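Here is the structure we will look at.
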Amino acid sequence: MTVSNIIGPLMVYLDRFVIGTVISVTAVAYYATPYEMVTKLWIISGALIASLFPAFAASNNSDASRTVQLLSKSIAATFILIFPIVLVIVTFSQEGLMIWLGKEFANNSANVLRWLAAGVFFNCLAQVIYTLIQGRGRPDLTAKIHLLELVFYLPLLWWILKQYGITGAAIAWTLRVVIDCILLMWVSQRMNPFVYKLILKLSGYAIIASIALALCGFPDSLAIRSILFVGTSLCFLAFSISYLRRNGILGLIPSRAVIRDTTHLP
């Protein structure tokens, strides 16, 4: 836990020091502002995992099927809450920053904001799996993952920053958190074989989400981005409604099967 608590914050703020060293202090502002804005989404996942840790700790030792159920609903809740916000940010980052901070700031920071928003989406999903591993009593595994990430992250950050500027720093940060998510998924299914199918399903959804974000974020035309945004939003809404109807909102609303079964009760 000590290793993770040292290396984790170090990798969070390391990019700013490298940007100030390689480029300029002014460039740090163009990077840090969208970073501070988009990472506020951690409040949502943080509120969820605070209650998940004791639940995972209890179910890991007594009921493997309950662990899978908790993980499935937690990931779905995080996905449903975070993805639409990230989709809006990725699609309209240029226009939003222009209204908020002006054209010059938007031109320098829009792509940074897009990449960081995508990274935060994956990081929020990873936090749920991270909590599962911690609840199993294996903080040593997450510490080893953080050490491994630090080894490749610093040279990658230094090189890509020189090649692509602060957008490169955002790409490096996003690549790191995506790899972190993949490693955590791999470790979790090794620890608990029952989550294997769930991890495969999550991987598929994450790939589809990545494609959707790329399609909505990178066309130069606002009209094209808006059309893609509407189409993606409708597909996501249909998916969310379908999931909530099958499972209820975090299990608080009975599913259709439960409702049908209870209609014959006096």
Side-chain angles (χ1 to χ4, degrees), residues 1 4-5 8-9 11-12 38-87 116-146 149 173-210 213 236 239-240 243-244 246-252:
M1 289 182 68
S4 292
N5 288 334
M11 288 191 291
V12 167
V38 77
T39 52
K40 293 295 185 288
L41 292 175
W42 285 339
I43 295 174
I44 299 174
S45 58
L48 180 63
I49 63 177
S51 59
L52 280 177
F53 178 79
F56 279 142
S59 63
N60 270 324
N61 296 323
S62 60
D63 190 351
S65 62
R66 175 63 176 166
T67 299
V68 176
Q69 185 183 36
L70 281 172
L71 182 62
S72 175
K73 292 186 176 182
S74 303
I75 288 174
T78 304
F79 196 104
I80 290 172
L81 290 171
I82 298 295
F83 180 78
I85 303 174
V86 170
L87 181 64
L116 291 177
V120 167
F121 169 69
F122 279 93
N123 190 245
C124 288
L125 296 176
Q127 286 179 23
V128 178
I129 305 173
Y130 176 90
T131 305
L132 172 68
I133 297 172
Q134 295 285 313
R136 188 69 181 268
R138 296 301 306 272
D140 59 303
L141 295 177
T142 54
K144 292 173 183 176
I145 291 174
H146 283 149
E149 290 172 12
W173 189 87
T174 299
L175 286 176
R176 182 188 70 80
V177 297
V178 169
I179 292 173
D180 179 73
C181 185
I182 292 172
L183 290 174
L184 289 172
M185 289 192 294
W186 180 76
V187 168
S188 66
Q189 64 88 21
R190 295 281 293 180
M191 291 175 57
N192 187 346
F194 293 99
V195 305
Y196 178 73
K197 291 183 179 179
L198 176 60
I199 293 300
L200 284 179
K201 186 181 295 186
L202 172 61
S203 301
Y205 289 147
I207 292 172
I208 295 172
S210 301
L213 292 175
F236 177 77
F239 166 80
S240 301
Y243 176 83
L244 295 176
R246 290 196 310 269
N247 301 281
I249 303 175
L250 298 180
L252 298 179

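This one's a predicted model, so the numbers in the text were calculated from it and none came from an experiment. The first residue in the sequence is number 1, and the count goes up from there.
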Of Leu141, Ile199, Ile133, Leu125, the residue whose pairing with Leu184 passes side-chain contact (heavy atoms from CB on, under 4.5 Å): Ile133
Using side-chain contact (heavy atoms from CB on, under 4.5 Å) as the criterion, point out the one residue from Ile145, Val178, Thr142 that pairs with Leu183. Ile145
Distance, nearest 0.5 Å, that separates OG1 of Thr174 from CG of Leu116: 5.5 Å
Taking the side chain as every heavy atom from C-beta outward, state whether Leu48 and Leu52 have any pair of such atoms under 4.5 Å apart. yes
Distance col, row Ile208:CD1 vs Ser210:OG, nearest 0.5 angstrom, shows 10.0 Å
Can you classify the ring geometry of Phe239 versus Phe236 as parallel (below 30°), tilted (30 to 60°) or perpendicular (above 60°)? tilted
Donor-acceptor pair, distance only, cut-off 3.5 Å: does the side chain of Ser72 make one with the backbone of Gln69? no
Sub-4.5 Å side-chain heavy-atom contact between Asp180 and His146: yes
Taking atom CD1 of Ile75 and atom CG of Leu202, what is their separation to the nearest 0.5 Å? 4.5 Å
Flag side-chain contact, heavy atom, 4.5 Å: Leu70 against Leu132: no
To the nearest 0.5 Å, what is the distance between CD on Gln134 and CD on Gln127? 11.5 Å
Dump the intermediate steps for side-chain contact (heavy atoms from CB on, under 4.5 Å) on Ser188 and Tyr130, then the final yes or no. CA-CA 8 Å; Ser188 66; Tyr130 176 90; over 6 Å; no
Side chains of Phe121 and Ile85, heavy atoms from C-beta outward: is any pair under 4.5 Å? no
Of all heavy-atom pairs linking Ala206 and Phe122, the shortest is CB-CE2, 3.7 Å
From Ile182 atom CD1 to Ile129 atom CD1, the distance as rounded to the nearest 0.5 Å: 10.5 Å
Applying side-chain contact (heavy atoms from CB on, under 4.5 Å), run through Leu213 and Phe83 and close with a yes or a no. CA-CA 9 Å; Leu213 292 175; Phe83 180 78; 3.9 Å; yes
Could you check if a side-chain atom of Cys124 sits within less than 4.5 angstrom of a side-chain atom of Phe79, using non-hydrogen atoms only? no
